[in-house]
Amino acid sequence: MLEVVAVLSYLSNASFRVLILVAGFALLLLLESGFPFRKNKRKHLFANIVLTLSVVVLNFMFSGVAVFVLEWGISNDIGVMRHLNLGTPATLLIAILFLDFFGAYVSHVILHKVSVLWRVHSVHHSDTMIDVTSALRQHPFETLYRMSFVVLGALFLGIPFWMLGLYMLLLVGNGQLEHANISYPEKLERLLRQVFVTPDFHKVHHSTNADESNSNFGNIFTIWDRLFGTYESNCELKDLRYGLNDSCDDEDGGSVKDLLLLSTGE
């Protein structure tokens, strides 16, 4: 078990996570080119890459804060899992499920329900062509907001930093996959979405139709949408339009400046 924990700790290292995600990003780009769901001119590429880089930088900066917070919690014996003594495998499984619920699903729903936060989140939803580059197209404040939820969830559980890092790897990795503009067998998609968020499941969330965009909030698991009535499967994907129904919903993806101004309402 100690050897497994050592390997997982290495995988959760911030630098190694970035290497894995860059490799995944490159692979999905190739798959999008070979098996695209929709024709993609990638006019949004520059803005998306700039915003993605800002997310990476903020993650590195926030990692130090996360380590400090979790070590403080451990030194003060804070965290429900520290008092249950369920063992490493069970603790890790519970941590991934809880963080996906609280850190991803709950925080995402709030972004849609609170008007000032929706303006920030609209940077992500303004993309009119969803692909792997759209995954981390988000306002810097949204990055800090989401990371705060995840760290608070980890503090509540009382888990070590390597478990948080491993969850973040799964979170961002599946985030890239669910935004990928790829075509794949329908039977496989139906099977996978019984448990996991798939590209077709998430496409609905980026619809210009408000009823559809206010559904399918999950990031890794679809169970939360099923449990809380936010699951939507009756959507004709070939007719679905991505983006926002407003003047900022332009075909070239918008400049970085224009996207950041969305959060101010200008």
Side-chain angles (χ1 to χ4, degrees), residues 21 24-25 27-32 34-40 44 48 52 93 96-113 118 121-138 142 146 149-150 167-245:
L21 294 173
F25 183 87
L27 175 60
L28 288 170
L29 278 178
L30 290 174
L31 291 174
E32 287 182 339
F35 308 95
F37 177 76
R38 285 184 180 175
K39 185 178 180 180
N40 189 359
H44 59 181
N48 286 8
T52 294
L93 177 60
I96 291 173
L97 287 169
F98 179 77
L99 292 177
D100 192 56
F101 168 66
F102 180 72
Y105 179 82
V106 171
S107 68
H108 195 177
V109 171
I110 293 173
L111 283 170
H112 280 251
K113 301 302 181 183
W118 166 248
H121 188 48
S122 65
V123 171
H124 181 66
H125 276 267
S126 65
D127 207 343
T128 58
M129 183 61 226
I130 303 303
D131 62 22
V132 64
T133 72
S134 308
L136 296 179
R137 170 193 168 112
Q138 62 188 38
E142 179 176 345
R146 285 182 176 272
F149 262 82
V150 173
Y167 167 73
M168 291 299 296
L169 178 62
L170 296 174
L171 177 78
V172 181
N174 201 63
Q176 289 182 335
L177 176 61
E178 71 193 32
H179 287 89
N181 179 44
I182 55 176
S183 178
Y184 57 104
E186 185 178 340
K187 288 184 179 179
L188 176 61
E189 196 281 330
R190 286 202 303 267
L191 176 64
L192 291 174
R193 78 155 56 195
Q194 299 305 310
V195 179
F196 302 107
V197 173
T198 64
D200 285 0
F201 175 91
H202 193 69
K203 284 182 177 71
V204 178
H205 183 70
H206 281 273
S207 172
T208 56
N209 183 310
D211 291 334
E212 292 171 345
S213 64
N214 283 299
S215 68
N216 296 11
F217 293 99
N219 184 272
I220 297 177
F221 303 108
T222 58
I223 183 175
W224 317 122
D225 287 293
R226 297 175 189 276
L227 284 175
F228 296 100
T230 54
Y231 178 76
E232 174 60 62
S233 61
N234 298 318
C235 179
E236 193 60 56
L237 294 180
K238 66 175 182 293
D239 298 325
L240 187 146
R241 290 182 62 246
Y242 303 129
L244 304 171
N245 282 317

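Predicted, not measured: the structure shown is a model, and the values here were computed from it.
H206 is not listed as a side-chain neighbour of D127, based on a closest heavy-atom distance of 4.5 Å or more. Residues Y184 and P199 form a side-chain contact, since some pair of their non-hydrogen atoms from C-beta on lies under 4.5 Å apart. A heavy-atom distance below 4.5 Å is found between the side chains of L169 and L21. Annotation: side chain of R193 is in contact with side chain of S233 (closest heavy-atom distance under 4.5 Å). Between I110 and S107, the closest side-chain pair of non-hydrogen atoms is not below 4.5 Å. Proximity of W224 to T230: side-chain heavy atoms (C-beta onward) are nowhere separated by under 4.5 Å. Looking at E32 and V132, their side chains come closer than 4.5 Å, going by heavy atoms from C-beta outward.
Under the 3.5 Å distance criterion, the side-chain polar atoms of N181 are matched with a main-chain donor or acceptor of R38. Not a single donor-acceptor pair under 3.5 Å links the side chain of T198 to the backbone N or O of E189. Of the possible donor and acceptor atoms, none in the side chain of H44 sits under 3.5 Å from a partner among the backbone N and O of T128. The backbone N or O of F221 sits less than 3.5 Å from a side-chain atom of D100, completing a donor-acceptor pair. A donor-acceptor pair under 3.5 Å is absent between the side-chain atoms of D225 and the main chain of E232, judged by distance alone. H108 places a side-chain N or O within donor-acceptor distance of the main-chain N or O of F217, the cut-off being under 3.5 Å.
Minimum heavy-atom separation, L28 to A180: CD2-CB, 4.1 Å. The nearest pair of heavy atoms linking S213 to S207 is CB-O, 3.4 Å. When every heavy atom of L170 is checked against every heavy atom of I96, the shortest pair comes out as CD1-CD1, 3.7 Å.
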| request: List the steps and the verdict of ring pair (Phe, Tyr, Trp, His ring centres under 6.0 Å) for Y231 and F201. | output: CA-CA 9 Å; Y231 178 76; F201 175 91; 5.8 Å; yes
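Checked against H179 for a side-chain hydrogen bond (donor to acceptor under 3.5 Å, both in side chains), the options H202, R137, H205 give a single hit: H202.
Here the CD1 atom belonging to I182 is positioned 5.5 Å from the CG atom belonging to L177, to the nearest 0.5 angstrom.
Atom CD of Q194 sits in a crowded spot, with more than 12 heavy atoms from other residues, nucleotides or ligands closer than 6.0 Å.
The salt bridge (Lys or Arg N to Asp or Glu O under 4.0 Å) contacts involving residues 196-223 comprise D200-K203, where partners must be two or more places apart or lie in separate chains.
Ring geometry for H124 against H121 counts as parallel: the plane angle stays under 30°, on a 0 to 90° scale with 60° as the upper cut.
Remark: aromatic rings of F228 and F101 are close, center separation under 6.0 Å.
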